[in-house]
Amino acid sequence: MTLETDTAQDLVQELTRAGVSQVDPSVLARGMYSSDASLYRVVPEVVVRPQHVDELHAVHSVSRSLAVPVTMRGAGTSIAGNAVGEGIVVDTRDLKRIIAIDADARTATVEPGVVHADLQRAAAPHGLRFGPDPSTHSRCTIGGMIGNNACGSRALGYGRTADNVEAATVLFGNGEVGSFDSRSGNAQGATARQLLGLAQGNLAHVRTRFGQFSRQVSGYSFEHLLPENRGRIERFLVGSEGTLATVLEAEVRLVVDDPRRLLLVLGYDTVSEAADAVPHILDAVHGEFGPNSLIACEGMDSRLVALVRSAGKPVPQLPQGQSWLFVEAAGEAASSVIERVKTASSAVDTRFIESAAEAAALWKIREDGAGLAGISLDTPAHSGWEDSAVPPKHLGAWMRDFESLLKEFGLQGYPYGHFGDGCIHCRIDFPFKHGDPASTGVFREFMLACAERLAVYGGSLSGEHGDGRVRSELLPFMYDETSLDLFAQAKRICDPQNLLNPGIITGPQTDGARAGQPGGTGARVNTEDIRPTRPKQTLPWPGLLMVHDDGEYGAAVHRCSGVGRCVAPKTTGVMCPSYLATTQEKDSTRGRARVLQEAMDGTLVQGLSDPAVHEALDLCLSCKGCASDCPAGVDMAAYKAEALHQKYDRDAEGLPRRRLRPRSHYVLGRLPVWAKLAAPVAPVANVMMRLTPLAAAAKWVAGIDQRRSVPTFARRTLRRAAQKRDDLRASGGPAGRIAASASGLTRAARAGEPDVWVWADSFTNHFFPESGLAAIEYLQSQGLEVRLIQKEGCCGLPWISTGQLDQARRRITQAVEVLAPYVSSGVPVIGLEPSCLATLRSDALELSDSEQARIVASGVLTFAELLTRLEGESRVQLPDLSGVDVVAQPHCHQSAIIGWEADRALLEKAGAAVTKVAGCCGLAGNFGVEKGHYETSVAVAETYLMPAVRDQRQRGGDTVVLADGMSCRIQLDDLADVPAMHLAELLNSRERAARPSRTSL
């Protein structure tokens, strides 16, 4: 359904008049909310974000009066297409009050937008938790979990969402409000009476066809309406996917969060053999220890683990095998349970995971399964046949049938999932073709074949994610006509106008169904609105190579499948700092990716120069956090650079043409040029920038926010300072004698080469030469010969971040040509500014396909990486940092591209207590300095960095704030007047303090 323009305007006016505070009909909003995490693209007419539950009443009132459909949406992580719709899409994430936690009753009362992880954090002080934990637990909402009857890895022990809902207040599609509480045993209201009457009239059928096993999630769960189940309307509505009612408030059960969890990993030769072992494990354990004695029993394929390893991420040691079961138990009997599992498992190998960190790493791989699976094959893998389930006793047989169907249709997919519940996830490489709607043929035939085969085992099309657009029309394979008629009658009772998520699960009546629909369920045909069949644009003259996506920008932006880790309200990584600050979808990695997808293959956004693209990308810090934190490897910093390049440096046909850029691009985006010009007169330039009128004028010209300070140029560049030191050494001055005495005759010196080369990047050279000098001095104090590369070579990062890619390519090519001979010599080459080093490791390969670029990318080292190598060879001795309290803000690019593990390990080995700050500092190169970004920059800093620094100040003692990146140091200086140190400065200062007789260099 697409409304006429006048009707759409009436809709906006009526919603606003009804008191809905945030109504957004913009191209940007409609483009972002046109997709969830499924295959489907459905453009809404308007997006609303209610600020109070009263606004939900208003939305539904307008919906009924104008006959406009409503689709409820939490975090938008639905993979079945049940969170997209044509009319009004309602984002509930601002309805996030945790109304009450009753520790004695072990319940929590919440609004529908409460994020699962936030509820867990609130319950934790009471020793409690909400039992179900989907892989999207960091961002999924309780309302969304109720909509889908979400389960997760630990449903084996704690049950599904339906098993944990105790009471609810809902708004039915017919306008009636119903409040249901299991403790009262009374279901009040006309709608409740009709639903209970419907079940009462079909008792025998409901008892024999519904609730046959735990993961029978597809359709409506009529078993909850049975008298022996106390006619629980609130649980019947769980899993109805927003088609019958909207949750206004829910009371959920909490369980004891036993910290004594034990994890055993079982190895098998094949995934089918792992599946075969599941019923034996369950029978053995449940027979001896009772139901719920196992918390989790998860299956994982080796190919997904290999994908994590190939990305350079550490994976704990796993037992032999090509498929594994992760089995978890908790409580006093946990050790005995695990031992019983081991004896009943028939595994080829086992490993008990004793380390909590290792267990967390393994569970993270499992949580990232959907994102990893989507990029695990040579061609894109898609959701669709995603979470089917069978009674666990049939799991092995069903798995073999499923794999034979994949082979029969020429498809590939890596199964994984909740094996203990008989629920299997799989992303499949359906051969969709852009611009060819007929390419859905294989998809449809495979879905029909799977549904037919699954019915043999009494399985469920969905085991936790719902039927949605992708499986609703397949329900006749699973249910008979009587069951389907019950669905239609329930829909007619609750939503007679068919306005709540229409076409999902069923219609209010079965007559008049569309041609080709099995059984006439009133559900949508599952090949409608599939995004991968839309035409896709290409860039005729791209600036970046997009090496991981065969050079296709369109394929790159479609890496985002919508799983939404970037919209988690808390993070331990970097992604996505602007979303953490604003909580707006447009400022998330996913929101930006959706707009870029629309620009490449949609109808709303007209290319990369569209204002909607600028609005979506404006608050992207280009931090590259998503490149490492997003399971699908989305690199929004690269996508933003390309979009800016296409907007300003290409014409409508993609040919080179320069357009006028923002002033900040010419100044901040070319900062190394201006720094080089200012170097000879740096002291004068610094004095002038302290004069208020001149500073204000300079900031206006540069596009700098007036509240920002202007970076101070070094009085002497690193190259000049290092040259002076070399001259002193050559003349035999004090510094020269000390350095020569310390260095002795190293192997490199005897061969005429140094032990270490130091690259003077533009930022270290012109703004923070003390970092470079500290690194040189420290290494020399360890007896190493160190030299600075005097040839100029700039990585071009400011040009890249502002999309000046042609100029960036020239600069990074020059830098690569300078550095390649040094790297090839075998002598270690280090860089001090992490953002520049990360640019050589990643962006150089996107701008150049030369062998020299690959040599440099794989060869340049951080200071910590060099010390790790030398310390392992016993060539350096770390200073004693015992008692030192270090709060460290790793640069975002280092976290994403290089990693900070070597830095942490060195600090801890030296005895320091280390607090690593999550997230971004908020400055991010030119971003936080530019006019219009100041408030967001400060808000990002206040997310993690500034609270960590304030906490450290309160602790007192020997404290150090560590920040290797220029941006991080400027931000700390601007916002908190905190002097931050580079790792090299910290180690060198402590080394010098240990030798008080040494003369300062």
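None of the values given here were measured: they were computed from a predicted structure.
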Quiz item: Would you find a donor on one side and an acceptor on the other, under 3.5 Å apart, between the side chain of Tyr40 and the backbone of Asn526?
Solution: yes
Quiz item: Heavy atoms, side chains only, cut-off 4.5 Å: are Tyr416 and Arg366 in contact?
Solution: yes
Quiz prompt | Pairwise salt bridge (charged side-chain N to carboxylate O under 4.0 Å, His left out) hits with a residue in residues 196-222, at least two apart | solution = Arg207-Glu228, Arg209-Asp480, Arg215-Asp421, Arg215-Glu464
Quiz item: Got a donor-acceptor contact below 3.5 angstrom from the Thr208 side chain to the Ala204 backbone?
Solution: yes
Quiz item: Quick one: CZ on Arg193 to CG on Leu198, what's the gap to the nearest 0.5 Å?
Solution: 15.0 Å
Practice problem: Please report the closest heavy-atom contact between Gly173 and Asp495, naming both atoms and the distance. | Solution: CA-OD1, 4.0 Å
Quiz prompt | Nearest heavy-atom neighbours spanning Gly242 and Leu500 | solution = O-CB, 3.2 Å
Practice problem: Using only heavy-atom distances, determine whether the side chains of Ser462 and Asp467 contain a donor-acceptor pair under 3.5 Å. | Solution: no
Exercise. Kindly indicate whether the side chain of Pro227, heavy atoms from C-beta on, has any atom under 4.5 Å from the side chain of Leu203.
Key: yes
Practice problem: Check whether any side-chain N or O of Glu176 sits under 3.5 Å from a backbone N or O of Thr191 as a donor-acceptor pair, and report yes or no. | Solution: yes
Self-check item: Note, Pro569 side chain near Asp118 side chain (heavy atom, < 4.5 Å)
Solution: yes
Self-check item: Interatomic distance, Cys423 atom SG to Glu386 atom CD [nearest 0.5 angstrom]
Solution: 9.0 Å
Quiz item: Would you say Asn292's side chain and Gly157's backbone share a donor-acceptor pair under 3.5 angstrom?
Solution: yes
Quiz item: Are any non-hydrogen side-chain atoms of Leu237 and Phe172 less than 4.5 angstrom apart?
Solution: yes
Quiz prompt | Gap between atom CG of Asn164 and atom CD1 of Ile146 - 0.5 Å precision | solution = 10.5 Å
Practice problem: Evaluate the side-chain proximity of Phe402 to Cys450: yes if any heavy-atom separation is below 4.5 Å, no if none is. | Solution: yes
Quiz item: Around Arg106, counting heavy atoms of other residues, nucleotides and ligands shown, do more than 12 lie under 6.0 Å from its CZ?
Solution: no
Quiz item: Where the side chain of Arg160 meets the backbone of Gly152, is there a donor-acceptor pair that is under 3.5 Å apart?
Solution: no
Quiz prompt | Near-ring test Tyr479/Phe210, centroid separation under 6.0 angstrom | solution = yes
Practice problem: Give the C-alpha distance, both sets of side-chain angles, the deciding distance and a yes or no for side chain to side chain contact (heavy atoms under 4.5 Å, CB included) between Leu156 and Leu282. | Solution: CA-CA 10 Å; Leu156 187 62; Leu282 297 180; 4.2 Å; yes
Quiz item: Has the side chain of Asp91 got a donor or acceptor atom that lies under 3.5 Å from a matching backbone atom of Val47?
Solution: no
Quiz prompt | Minimum heavy-atom distance Ala80-Gly466, with the two atoms named | solution = CB-O, 3.5 Å
Quiz item: Do the side chain of Asp387 and the main chain of Gly463 share a donor and acceptor less than 3.5 angstrom apart?
Solution: yes
Practice problem: Could you give me the CA-CA distance, side-chain angles and deciding distance for Arg235 and Glu223, then say whether side chain to side chain contact (heavy atoms under 4.5 Å, CB included) is met? | Solution: CA-CA 9 Å; Arg235 293 193 173 182; Glu223 69 272 16; over 6 Å; no
Practice problem: Using atom types as modelled and distance alone, determine if a side-chain donor or acceptor of Asp36 lies under 3.5 Å from a backbone N or O of Ser38. | Solution: yes
Quiz item: So, the side chain of Ser460 versus the backbone of Val217: is there a donor-acceptor pair under 3.5 Å, distance only?
Solution: yes
Quiz item: Taking side chain as C-beta onward, heavy atoms only, is Asn202 less than 4.5 Å from Phe222?
Solution: no
Exercise. Please check if atom CD in Glu452 has more than 12 non-hydrogen atoms from other residues, nucleotides or ligands closer than 6.0 Å.
Key: no
Quiz item: Out of curiosity, His418 NE2 to Leu395 CG, how far, rounded to the nearest 0.5 Å?
Solution: 12.5 Å
Quiz prompt | Cationic N near anionic O, under 4.0 Å, Glu328 to Arg154 | solution = yes
Self-check item: Closest heavy-atom pair and its distance - Tyr158, Pro132
Solution: CB-N, 4.3 Å
Quiz item: Out of curiosity, Thr71 OG1 to Glu86 CD, how far, rounded to the nearest 0.5 Å?
Solution: 7.0 Å
Practice problem: May I have the step-by-step check of salt bridge (charged side-chain N to carboxylate O under 4.0 Å, His left out) for Arg93 and Glu111, ending in yes or no? | Solution: CA-CA 9 Å; Arg93 283 177 291 178; Glu111 289 183 334; over 6 Å; no
Self-check item: Test side chain to side chain contact (heavy atoms under 4.5 Å, CB included) applied to Arg73 and Val84, Val90, Asn501, the passing residue
Solution: Val84
Quiz item: Applying salt bridge (charged side-chain N to carboxylate O under 4.0 Å, His left out), which residue pairs with at least one partner in residues 238-252 are found, sequence neighbours left out?
Solution: Arg183-Glu251
Quiz prompt | Close side-chain approach of Ile88 and Val70, heavy atoms under 4.5 Å | solution = yes
Quiz item: Considering only heavy atoms from C-beta outward, does the side chain of His116 approach that of Met145 to under 4.5 Å?
Solution: yes
Self-check item: Check: Val62 main-chain N/O paired with Ser65 side-chain donor or acceptor under 3.5 Å
Solution: yes
Quiz prompt | Check: Asn149/Ser221 side-chain N/O donor and acceptor closer than 3.5 Å | solution = no
Quiz item: Do you know which two heavy atoms are closest between Glu166 and Glu234, and how far apart they sit?
Solution: O-OE2, 3.7 Å
Quiz item: Is the closest basic N to carboxylate O distance between Glu585 and Arg139 below 4.0 Å?
Solution: no
Quiz item: Given Trp398 and Ser388, is the side chain to side chain contact (heavy atoms under 4.5 Å, CB included) satisfied, shown in steps?
Solution: CA-CA 10 Å; Trp398 163 239; Ser388 61; 3.7 Å; yes
Quiz item: Looking at CD of Glu288 and CZ of Arg340, how far apart are the two atoms once the value is rounded to the nearest 0.5 Å?
Solution: 5.5 Å
Practice problem: Over all heavy atoms of both residues, which pair between Thr141 and Gly113 is shortest? Give the atoms and the distance, please. | Solution: CG2-O, 3.6 Å
Quiz prompt | Verdict with supporting geometry, Ile281 and Leu325, side chain to side chain contact (heavy atoms under 4.5 Å, CB included) | solution = CA-CA 11 Å; Ile281 292 172; Leu325 293 178; 4.0 Å; yes
